[in-house]
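Here is the structure we will look at, set down as C-alpha cells.
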Amino acid sequence: MWRRSGESVFGALVLLVLVVEAALLAFLTRGFALRLIGAIPSLRLEATVSWAVSTTALLLVVLVVYVIGYHHLSGIWQRRDLGQLQAWGETWVKVLHGDAPLPQGPLSGPAEEALLALREILHGDEGILLQDMLRDTGLAADLVKRLTSRFLVRRLVALEGLARARLLEAVDPLFVSLDGKEPAVRLLAARAIARTLGGLALGEPDEGRTLRFAASLRRAELPKGVVDEVLLLLEGRAKHLIRDLLRDPPASAALRRAALEALGRLALLDMLPIAAPALTDSDGEVRAAALRAILRIGYIPPDLLPRVAALLRDPLEFVRLHAARAINLVPGKTALDALVECLGDSSWYVRRSAAEALALRGPDGDAVLEEMSRTHEDRFARDMAAQVRADARAQAADRLSGGVRR
Amino acid sequence: MKAWNICLLLFQQGVLLYFASINLLYAFFAWRGLRAVTIYTRELSALALKDLLERDAYKPVSILVPAYNEQGSIVASVRSFLNLQFPQFEVIVVSDGSTDESVSRMVAAFALVEDDRLVRRAIEHRPELRSFRSLRHPNLTVVEKQNGGKADALNCALNYARFPIVCAVDADSMLDVEALLRATRLFVQDESVVAVGGTIRLLNGARLSQGRVSELRLPSRWIERFQVLEYARAFFTGRAGWSAAGALLIISGAFGLFRRDAVLLVGGYRPDTVGEDMELVMRLHRHFRERKLPYRVLSSPDPICWTEAPADMNTLRKQRNRWQRGLLEALWIHRVMFLNPRYGRLGMIAVPYFWIFEAFSPVVEVLGYVFLVVSFLVGDLFPEFALLFLLLAVLYGMLLSQLAAGIEMLLLSRYDRMRDRVLLFATGFIEFLGYRQLLTWERFVATFQVRAKHGKWGAMNRLGIPLEDHGTLAVAPPKNAPEPAPRPGKA
Amino acid sequence: MTSILVVDDDPAVTNVLKLFLESSGYAVVTAQGFVAGKKALESSLPDAIVLDLNMPDGLGLDLLSHLRVQLQRKTPVLVLSGNRQESTVLRALEMGANDFVRKPFSPREVTARLRKLLP
C-alpha cells in the first residue's frame, strides 16, 4: 500500500522543514517583541521578515524539487522492480527444478523477494530444497544479521523475511528479538517464531523451542490479539503452548483467554478437560472464553456438565448468555428445562439466547417455545418466545423456497 | 509610535504568528504521522493480513448506512458495500424519512420483503415505519423510519446491528476493497481499541473498473482539485499525527469503525448536533478517561474510503458551514475538557488546539485580511510589512500542502501522472486566489450561526454514481430540495 | 496433450505449477486472478483446473460455481488454498471441487493428485 523506499528521505525533509520553521518562528517572535519595545528599528524587523520569507520560499522549492524528482524516479523504479521480480520468480523456479544453477549471493532486493515468495508457498521436499537455497545464497544469514541493525525499519523488514523463510536455526536469534524493547519488534518476532514452528511437520523435533516460546510469551507482554494470532499460526504445536498457558502457575488472564480461544478454534477436543478449571475461574471473561471454546468444539464432556450448568446462574450477563448456548449442546429434558428457566432471565440478551437455542432444538424445542409463549409467568419471556419462534419459522420457510442465493 | 500604530502592528504580528504556529504544528504532525506509518506498514503487511484471513481471525462487522433522499446513488452504493471482500458482515441501510424513491428502488434492486425482526431498543430514536430483509442478500437489512436526522438514523441502525464492530459510513462512501479487513485488524490485535478512523480520499476524477478505483486522476474542476489537497492535509498530516500521540478527537462520519458495546455504553449518537461524529468520539474519550479504563482511539492510514466531494460552490459552502458549526457544537458540549488535566493530553493539548487553531482560525484569518486592508488605507505606514506578511502566510500554506502531497506520493495508489503532480503544486498556490478566502468567510459566518442553526443540516446537490462504470463518474446534479427539519446529508 | 488451467493471483504459485506440470507432460495455461480465470474458463476447455480460493479480485468458489452451474462443465477441479477452516474445505467439495490441497503445498503432491483426477 505504501512504497517501500523513500519514506526515510522524505521523513528527514519533513524534519528539516519542522526545525527550520521552528527557528523562524522563534526569530520572528523575538523580532516582533524587540520592535514593540522599540529596541530595533523598523528596517531591521523588515529584514528579519524578509529572511523568513526567502527561507520559507527556499524550503518550498527544495520540497517541490524533491517531490517531483521522487515521483519521477519512483515510477521508474517501480516498473523496473516489477520486471525484475517477475524474472527472478521464474529463475528461482528453474533452479528449484534443477534446470538452472544456483545464483551466488549477495542477492538484489527483487531476488530476495522472489525467493521468499517461493519459500512461502511450498513445503515438503521442495520446501526443504528452498531452505537449502536460502542458506546457500547467504540470504538466511543476511536476514539474521539484519535483526541487530541500528535502523528499526531494517529490523522489521528482516523479521518479516524470517517469518516467510521459516528456518529453524533462525528461531534462537528471534527469541532475542522477542525480548526486545520495541513493541513492533516483539510482535513481528512472535509472529515469525510461530510461523516457523507451525510450519514444521508434526513429527519433526523442535528441540524444546516450543516450550521456550511458551515461557517467552508469558514474559513478553503482548496484546491478547497478538497471542491469539500466534497460537493460530502454531497450528499443531499450539497444543503444547495451550497446555502450558493453562497450567499452574496460571499465566495472565489475557493469555489464558487467548489459549482458550485457540483451543476452540483449533477444535482440540482432547484438551477440553484442561479447560475445566477455567469454568470456575475468578475472571468472568475467562469463564466466558471457556464456554466459547466448548461451543466451537460442539461437545460438553459429561464431567464438565455440572460446571456449565452452574454458569447459567452466573452473576455476569455475557457468561449466562454463552452458558445458555452451550447447554443447548446437550439433548434431553434437563437441558430443555434449564433453557426454559433462562427464558425468564433479567437480561434481554440471555432471554434471546435461550429462545434461539430452543428454536434450534427442532420440534421439541418449537413445542416448548409455543407453550412458553402462552404460559410462562414472565411477560418478557412470553414475548421473546413468540417473536423468536415466528422469526425461526419465517427463516425456515425462506430456506425451503430456495430464496437465498448465497 | 502612536497607540493606534502599535495596535495595528500587534494585530498583524499576532495573525502572522498564529499562522506560523499552525504551520509548525502541522509540520510536526506530518513528521510524527509519517514515522508512525513507517512502522505500521511493516507491522501490518500483506503477509499478516493473508495469514489472518486464512485462519478466520477477524471480527464480523455491521455497516451502518444512514440515507436521506439518495435515490440517484443508493442502489449503486449499497451494491458496492455488498461486494466488499470480507468474510462476515452485514449492511444496514436506514432511510431517514426519505421522500423520494430511495426505498422503492432498493426494494426492486435487492428483492426486499417486509420483515418483522426482533430488535432490542438499546437506544431511543424516532420510530421505524417498516423494516425489510433481502431475499437475495441475507446480510442486507433496510429500515424506513420517521425523519430524525443523521444521528437518529445511525442510532436506529445501531439497534439493528448484530455484530461486535460497527462501521458508520455515508450513503455515498465507497470503501476500498480491503478497507474493512485492514480496519478491523486493529480491533482484533488490541482489545482496548474502541474506535478506528480511516483515510478519506476523493473519488472525483478517478477511473473505476469493476467497482474499484483503477486509476487516480486529478478531477477537472478547480474546486475539486482544491479539495484533493484539503483532504490530503487533513488526513495525511493532521489525523495521523494526533493518532500517534493518542489524542485523536475526530473520526469522520464518512468512514469510522467502533466497538458496538462501547458506543452503546455511552448512549449512541447525539441527535441534536450536526457534529455527531466528533461529538461521539469526544464522549468516548471522556467516558473512558473519567473511569480510568484502558482504551485507544486510532486513525489508520490505510483503510481507505472514497467519497464524492461537492463539485459546486453552493453545496461546498453549505458543507463547510455545517462542518464548522459541528466542530463548535461538539467542542462546546465538551467544554469541560478545555485545559483540564483530568483528560491528559486531550484536555491540555488537543482540545485547546482545536479551539484556538481550528475553531477560531476563520475569525483570525478574516481579521488578518481586515487589518491588511486597513493598513493600506491608513497610509503608507507599514505596507511592506503587510505585503511580506501576506507572502509569508501564502508560502506557509503552500509548504503545508506540499508536505501533505508529498506523503500522498508515497502511496502505491497515488496521482501517477506527472502532469497531475505538477498541477497539484499549482493548486497549492491557486487556492489562495479566492477559493480559500471564500470558504474562510463561510466558516466565519458559520461561527456566528451556531446558535441560530443549532442542529440543522442544509439541502445538498448530489452527483450520481452511475450503476455501470463508464470509466468516469456521470455528472447529473438532481434538483434542489427545500430545507425542512433536521435530516441527514453528506458528511 | 492434456491441458491444465491454473488460476491463482500469486505468480509464485503459477510459476511453480507451470514448470512442474509441464515437465510431467501437461500443457499448462495460467490465469492471474479471478477476472483472468473467468475469461480463460469461457474461452477454452482445459482438461483439469487448479483453483485458488482467496483472490483479491474475486472468490475462487464463485468461479467454481460459475463453472459447475452456469457453464455446466464437469472438468475436474483441484482446489488449492491456504485456508485453515474445515468449513471451507467442505464448502468447496460440496460446490463440486474434486480435491483439496492446502498451501503451503508440495508441487509433486499436486501433480500426483491431478494425475489421479484425469483419465
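A, B, ... follow the sequence lines: proteins, then strands. Residue 1 opens every chain.
Taken from CZ in B/R55 to CG in A/L231, the straight-line distance is 11.5 Å, to the nearest 0.5 Å. Atoms CD and CG, on A/E160 and B/L47 in that order, are 5.5 Å from each other to the nearest 0.5 Å. Note that CZ of B/F429 is 10.5 Å distant from CG of A/L60, once rounded to the nearest 0.5 Å. Atom CG of residue A/L222 and atom CG of residue B/D190 lie 11.0 Å apart, to the nearest 0.5 angstrom. Going from atom CZ of B/F29 over to atom CG of A/L18 covers 11.0 Å, rounded to the nearest 0.5 Å.
Between A/L156 and B/E43, every side-chain heavy-atom pair lies at or beyond the 4.5 Å cut-off. In this structure, the side chains of B/M398 and A/T56 stay at 4.5 Å or more apart for every pair of heavy atoms. Side-chain contact between A/L152 and B/R35 is present, with heavy atoms from C-beta onward closer than 4.5 Å. A heavy-atom distance below 4.5 Å is found between the side chains of B/E191 and A/R257. Put simply, the side chain of B/W31 does not reach to within 4.5 Å of the side chain of A/V17, judged on heavy atoms.
With a 4.5 Å cut-off on non-hydrogen atoms, B/K50 touches chain A through its side chain but not through its backbone. Within the 4.5 angstrom heavy-atom criterion, only side-chain atoms of A/E235, from C-beta onward, approach chain B. Both the backbone and the side chain of A/L233 come within less than 4.5 Å of a heavy atom in chain B. With a threshold of 4.5 angstrom between heavy atoms, A/L232 approaches chain B through its backbone and through its side chain. For a residue to count as touching a neighbouring chain, one of its non-hydrogen atoms must lie under 4.5 Å from one of that chain's; by this rule A/E229 touches chain B with the side chain only. Looking at B/S192, there are no atoms closer than 4.5 Å to chain A (heavy atoms on both sides), in backbone or side chain. A/S50 touches chain B through backbone and side chain together, each having a heavy atom under 4.5 Å away. Looking at B/R32, neither its backbone nor its side chain comes within 4.5 Å of chain A, counting heavy atoms on both sides. Within the 4.5 angstrom heavy-atom criterion, no atom of B/F187 approaches chain A. Residue B/F425 touches chain A through its side chain alone, counting heavy-atom pairs closer than 4.5 Å.
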* Might you work through the salt bridge (Lys or Arg N to Asp or Glu O under 4.0 Å) test for B/D51 and A/R195, ending with a clear yes or no? => CA-CA 10 Å; B/D51 278 345; A/R195 247 177 157 258; 2.9 Å; yes
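Heavy-atom pairs under 4.5 Å with chain B peak, among A/L28, A/V388, A/V64, A/I68, at A/V64. For the options B/L403, B/L25, B/I39, heavy-atom pairs under 4.5 Å to chain A are most numerous at B/L403. Ranked by heavy-atom pairs under 4.5 Å with chain B, the list A/L15, A/V226, A/L188 is led by A/L15. Heavy-atom pairs under 4.5 Å with chain A peak, among B/R421, B/R120, B/E178, at B/R120. With respect to chain A, the highest number of heavy-atom pairs below 4.5 Å among B/N139, B/L16, B/L391, B/N23 belongs to B/N23.
Side-chain contact check for B/R414 and A/S74: at least one donor-acceptor pair (N or O, by modelled atom type) lies under 3.5 Å.
With hydrogens and angles ignored, the 3.5 Å screen pairs a side-chain donor or acceptor of A/H71 with a backbone N or O of B/D416.
The local environment of CZ in B/F86 is crowded, with over 12 non-hydrogen atoms from other residues, nucleotides or ligands closer than 6.0 Å. Within 6.0 Å of atom OH in B/Y295, more than 12 heavy atoms from other residues, nucleotides or ligands are found, so the atom counts as buried in its surroundings.
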